[in-house]
Amino acid sequence: MSANPDKSVADAFARYRLPNQFDYYSSQPKDYETELSRPTSERPLLYNLCGCHEDRKSLILDYDDLFNLLKNLLADNNVPVSEVRRPCKALLLSSFLAFISNAGTRSCFCAT
């Protein structure tokens, strides 16, 4: 999983001829849908959370785009397989809860 919109990880896999699956998040309809199978160690899924530079509509460019990404990740919309959704949900929820302060004090709550 990558937060970068480039394909450098997929390009590295291609350079060494390693099998993989590549997909990216987009809140807009994609020009084509990638057929994904369950990721395995022999054929992992490379997933860009913030879109792909080759599909300009998919890029996260402002806070509205970021809000849509977070909303869709938490609601299971536009995110392909549970192997992407489950770790994203856990990371997002624990990150947000870690930064909630208690009535303006420096103590924080953290949930995992």
Taking every non-hydrogen atom, the tightest pair across K30 and E33: CB-OE2, 3.8 Å
Would you give the length of the straight line joining atom CE of M1 to atom CG of L45, rounded to the nearest 0.5 angstrom? 8.0 Å
Of all heavy-atom pairs linking N68 and S27, the shortest is CB-CB, 4.5 Å
Shortest non-hydrogen contact from P19 to P44? O-CD, 3.4 Å
Quick one: list whatever passes side-chain contact (heavy atoms from CB on, under 4.5 Å) with L66, sequence neighbours left out. I60, Y63, L69, L70
Tell me the closest heavy-atom pair linking A10 and L46, and the distance in Å. CA-CD1, 3.6 Å
Summary of salt bridge (Lys or Arg N to Asp or Glu O under 4.0 Å) pairs that have at least one residue in residues 45-54, sequence neighbours excluded: K7-E54
Connected-component partners of L61 among ILVMFWY, side-chain separation under 4.5 Å: L59
Those residues that, when tested against D55, pass side chain to side chain donor-acceptor pair (under 3.5 Å) (two or more places apart): Y24
Salt bridge (Lys or Arg N to Asp or Glu O under 4.0 Å) partners for D31, two or more places apart: K57
Pairs involving residues 8-21, ordered by first then second residue, that meet side chain to side chain donor-acceptor pair (under 3.5 Å) (sequence neighbours left out): D6-S8, Q21-S37
Give the minimum heavy-atom separation between F22 and T34, together with the two atoms involved. O-CG2, 3.6 Å
Working to the nearest 0.5 Å, report the span between CG of D23 and CG of L36. 5.0 Å
